[in-house]
J.: 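Let me begin by handing over the structure; questions about it come next.
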Amino acid sequence: LGRLRSRLSRSQSSLGRGLLTLLGGGDLTEDQWEEIEDTLLAADVGVGPTTELVTNLRARLAAEGVKDPARAREVLREELIGLVGPSLDRQLHTTGDEALPGVVLVVGVNGTGKTTTVGRLARVLVAEERSVLLGAADTFRAAAADQLETWGSRVGVPVVRSHEGADPASVGFETVKQGITDAVDVVLIDTAGRLHTKSGLMDELGKVKRVVEKQAPVTEVLLVIDATTGQNGLTQARVFGEVVDVTGIVLTKLDGTAKGGIVIAVQRELGVPVKYVGLGEGPDDLAPFDAEEFVDALLD
Ligand code: GDP
């Protein structure tokens, strides 16, 4: 966890430092409040959450007559944590019905880090001594299944795959079927994320989910968003949110941006929590997301 904190703060602290410098003792002019707003917007926090934060912060600092920078920092910290959502359910849901495996669908646009996320999640679950099976339902590129197999052998879990161009839903079906036969705890399914037509995506993802659910309920639909894509990431969130019931977000490449506010914006957009963040390209660089830890890293 300390490592997560240091990884986060290295890329994120410019936002926190900027806010703290501007906030000073909390006794600000209109222009200074505008600068705070601009700083939040520049960090991809989004208009709604920025307005909410500034309104609440101003009201609290004024009500308490705060002049002390340490107290102003504490109020900022509390308001930021409130905005990130300290009590959202960030557990990965993998408990299947009765004897059935938990089924996790991992969705998102290609290149966001889906396959990497599936591999790293497998690693996390294996470390918790859960048995895992991977499904390569991204059949659009043969390389995607190869990449998943590399992860499978690295982590020591089997992978169900088919030929390039196979029906993704049939791979999903076969994976869950094998998962039930082998009595594994969790089935993780990597999907294709071609966004050229929304209806194509809707058909494909909807079908994967429907077909999989003929055998076992999907316990989690994780949407992978690349934190470096800003507004584009939010658009993707909206589109995926319309085609499938997303239950959690994985925000990758948070190491590659100082715009940590995207965490807040993307949760707001979808109304579901960020459950994991990607902090690098390595096999261990996926961390469970925690609101307090994130804000403390910002303000470090
Ligand atoms: P997919 O097409 O969505 O399955 O994406 P991949 O899993 O193939 O990942 C695309 C690229 O992003 C790869 O080079 C990954 O190593 C890289 N990547 C994934 N997650 C992270 C992250 O958290 N941080 C960084 N810096 N790179 C990442």
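We count ligands from 1, going down the list as the structure has it; atoms in each ligand are counted the same way. Heads up: numbering here begins at 1 and tracks the sequence. All heavy atoms count here, side chains included; hydrogens, waters and symmetry mates do not. All of these numbers come straight from a predicted model, not from anything done at the bench.
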J.: Atoms of ligand 1 less than 4.0 Å from R120 heavy atoms?
T.: 20 (N), 23 (O)

J.: Look at ligand 1 and say whether G256 reaches it with a heavy atom at a distance under 4.0 Å.
T.: no

J.: Should V118 be listed as contacting ligand 1, given a heavy-atom distance under 4.0 Å as the test?
T.: no

J.: Nearest non-hydrogen atom to atom 22 (C) of ligand 1 belongs to which of A192, G280, A287, G113?
T.: G280

J.: Which atoms from ligand 1 have a heavy atom of R141 less than 4.0 Å away?
T.: 2 (O)

J.: Considering both backbone and side-chain atoms of D190, is one of its nitrogen or oxygen atoms within less than 3.5 Å of a nitrogen or oxygen in ligand 1?
T.: no

J.: Do Q147 and T150 pair up side chain to side chain, a donor and an acceptor below 3.5 Å, judged on atom types alone?
T.: no

J.: Using a 4.0 Å cutoff against the non-hydrogen atoms of V109, which atoms of ligand 1 qualify?
T.: 3 (O)

J.: Taking only heavy atoms of Q147, which atoms of ligand 1 are found under 4.0 Å from at least one of them?
T.: 6 (P), 7 (O), 8 (O)

J.: Which atoms from ligand 1 have a heavy atom of G278 less than 4.0 Å away?
T.: 23 (O)

J.: Quiz question: by atom type and distance under 3.5 Å, do the side chains of D190 and T115 form a donor-acceptor pair?
T.: yes

J.: Report yes or no: does D285 have a heavy atom closer than 4.0 Å to ligand 1?
T.: no

J.: How far is atom 24 (N) of ligand 1 from the closest protein heavy atom, and which atom is that?
T.: D255 OD1, 2.8 Å

J.: From atom 4 (O) of ligand 1, work out which of T116, V224, T115 has a heavy atom at the shortest distance.
T.: T115

J.: Looking only at distances, please establish whether an N/O atom of ligand 1 is found under 3.5 Å from an N/O atom of K253.
T.: yes

J.: Are more than 12 heavy atoms from other residues, nucleotides or ligands located less than 6.0 Å from atom CG of D68?
T.: yes

J.: Looking at ligand 1, would G108 count as a contact under a 4.0 Å heavy-atom criterion?
T.: no

J.: Mark up the atoms of ligand 1 that fall under 4.0 Å of a heavy atom belonging to L279, in ascending order.
T.: 23 (O)

